[in-house]
Amino acid sequence: VRKTWAISGVALHLDLDGKPVRARLESVLREAVSSGLLPPGTALPASRPLAEDLGVARNTVAAAYAQLVAEGWLMARQGSGTVVADSVRAVQPAARSAEPARGPRYDLRPGSPDTSAFPRAGWLAAARRALNTAPAEALGDKGDPRGRPELRQALAVLLARTRGVRANPERILICSGFTQGLDLLCRTLRRRGATGLAIEQFGLQDYHRIAEDAGLRTSPLNVDSFGASTRELDNTDAAAVLLTPAHQFPLGAPLAPARRNQAVAWAAQRDAFVIEDDYDGEFRYDRQPVGAMQALAPDHVIYAGTASKSLAPGLRLGWLVLPPALVEDVVATKALADRQTSTFEQLTLAEFIVSGRYDRHVRRARLAYRQRRDQLVATVTRHDPSLRITGIAAGLHAMLELPAGADEDAVVAEAADHDLALLGLRRFSVAPGAHPPALVVGYGTPPEHAYTAAVARLIATLPAV
Ligand SMILES: Cc1ncc(COP(=O)(O)O)c(C=O)c1O
């Protein structure tokens with residue numbers, strides 16, 4: 001059994017088979033400290049939560065810490081637990097320039113799932129099997145730009161079952177995350193004569209830039225508690241609209257049924273397209289999943305999914321389910337961009353899905369994130385029942401509205417001073433306009449053992465009402 005946990009964003013692995021756990025824990029920590037992975041001053045998790053995460057006795061962790069304190073690697077600091085000893089500096093190798101700078105100790109920015117909970121053992125087993133059984137042609141240069149048939153087949157079944165997508169493997173294209181998917185779509189639409197893309201007024205600024213870089217002018221749609229204001233589509237010259245129907249990013253509402261119909265009717269009438277960014281569709285907590293909009297009009301809705309929330313953004317795996325009219329052109333754009341996405345990663349994901357590991361992982365992750373969400377809501381409400389926290393029915397982030405008149409940037413800066421990374425709503429506004437001060441809290445990001453402390457820091461930096 002291999003357990004993975006993280007300290008200050010550094011993932012550490014512990015094999016629980018064989019040798020005594022305490023000795024293994026000591027050697028993993030000794031190695032991490034002596035190699036400079038955990039620099040002097042880095043705080044170690046308290047023994048109780050770490051023991052819980054690893055499924056070992058608390059005494060085992062405490063004894064390992066005590067041994068490393070005795071050896072001089074760690075020190076017990078009054079009031080702040082166990083940290084990497086200052087004296088380790090002397091034996092550290094010269095700073096390696098390629099090493100990324102240490103990030104903030106606590107991170108509640110949206111965007112990433114808990115990468116310390118990545119199912120490494122399952123992924124490795126899937127990779128091994130995929131590599132053992134891959135045909136030689138999977139290594140060649142004549143691959144289909146749409147991607148490996150094994151993965152397109154596995155996704156067609158998975159998406160139909162879990163998201164209600166009407167998917168045919170022939171119309172699925174594997175890309176390097178949604179980021180590349182959007183880029184391919186924008187370039188293709190531009191080449192077909194499109195001049196504009198409608199986008200939601202709140203969203204990722206990068207997506208707005210991708211569209212403009214491909215030569216499309218963007219027209220922002222207002223967003224309210226029913227999602228994007230699709231009525232405004234009629235006032236644009238857009239050939240497509242980019243929406244986050246399951247869980248508006250970042251405000252959090254699902255797109256209301258009437259608006260879904262409106263967008264689809266607009267697309268049918270104009271011969272336009274809806275790009276459905278289903279980035280966190282697997283994570284819905286309180287009600288039945290909101291199905292994909294694509295099923296309403298497969299000829300006009302481009303369904304886009306990604307492994308970035310359900311598995312890890314570093315995989316760079318995403319998929320488009322294309323309307324028949326677009327397949328040929330998007331495939332041509334993909335071939336020009338990079339021929340095809342890495343076949344090994346595709347074959348591994350296919351195996352991971354077909355073997356049932358993907359379902360099991362998502363089920364486990366959903367439960368864990370739901371508990372984090374409940375903890376966040378309970379802690380905020382206990383602190384100040386007048387604070388509103390919204391967009392919480394799904395996903396890995398929530399909107400925390402700050403008291404009227406609060407300065408969003410000041411709260412973010414104050415948090416940074418306390419080693420907590422936060423992002424305000426302003427960062428996600430793609431068009432000028434006033435909005436109430438709010439934080440977009442990514443509760444999926446921290447490793448499990450750091451979550452409670454991260455939420456406590458968040459509360460400590462909230463302005464007094
Ligand atoms: C709104 C939204 N869409 C899509 C993605 C996924 O992008 P990618 O698949 O390129 O990692 C994210 C990830 O941060 C996101 O926030």
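If you're wondering where the values come from, they're calculated on a predicted model, not measured in any experiment. Computation of the quantities below employed the complete heavy-atom set of this structure, encompassing side-chain atoms and omitting hydrogens, waters and symmetry-equivalent molecules. Ligands are counted one by one from 1 in listed order, and the atoms in each one are counted from 1 as well.
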Show every donor-acceptor pair shorter than 3.5 Å between a side-chain atom in residues 318-332 and any protein atom, with sequence neighbours excluded, or say none if there are none.
from	atom 1	to	atom 2	distance (Å)
Asp329	OD2	Arg192	NH1	3.0

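- Separating the OG atom in Ser225 from the CD atom in Gln248 is a distance of 11.5 Å, to the nearest 0.5 Å.
- Note on Asp359 versus Arg363: no salt bridge recorded, every NZ/NE/NH1/NH2 to OD/OE distance being 4.0 Å or above.
- The existence of a salt bridge linking Arg457 and Asp419 is excluded, since no basic side-chain nitrogen approaches an acidic carboxylate oxygen closer than 4.0 Å.
- Gln269 CD: 12 or fewer foreign heavy atoms inside a 6.0 Å radius.
- Every protein residue with a heavy atom nearer than 4.0 Å to ligand 1 is included here: Gly111, Gly177, Phe178, Thr179, Leu204, Tyr207, Phe249, Asp277, Tyr279, Thr306, Ser308, Lys309, Arg316.
- In terms of modelled atom types and a separation under 3.5 Å, the side chain of Gln205 and the main chain of Arg427 share a donor-acceptor contact.
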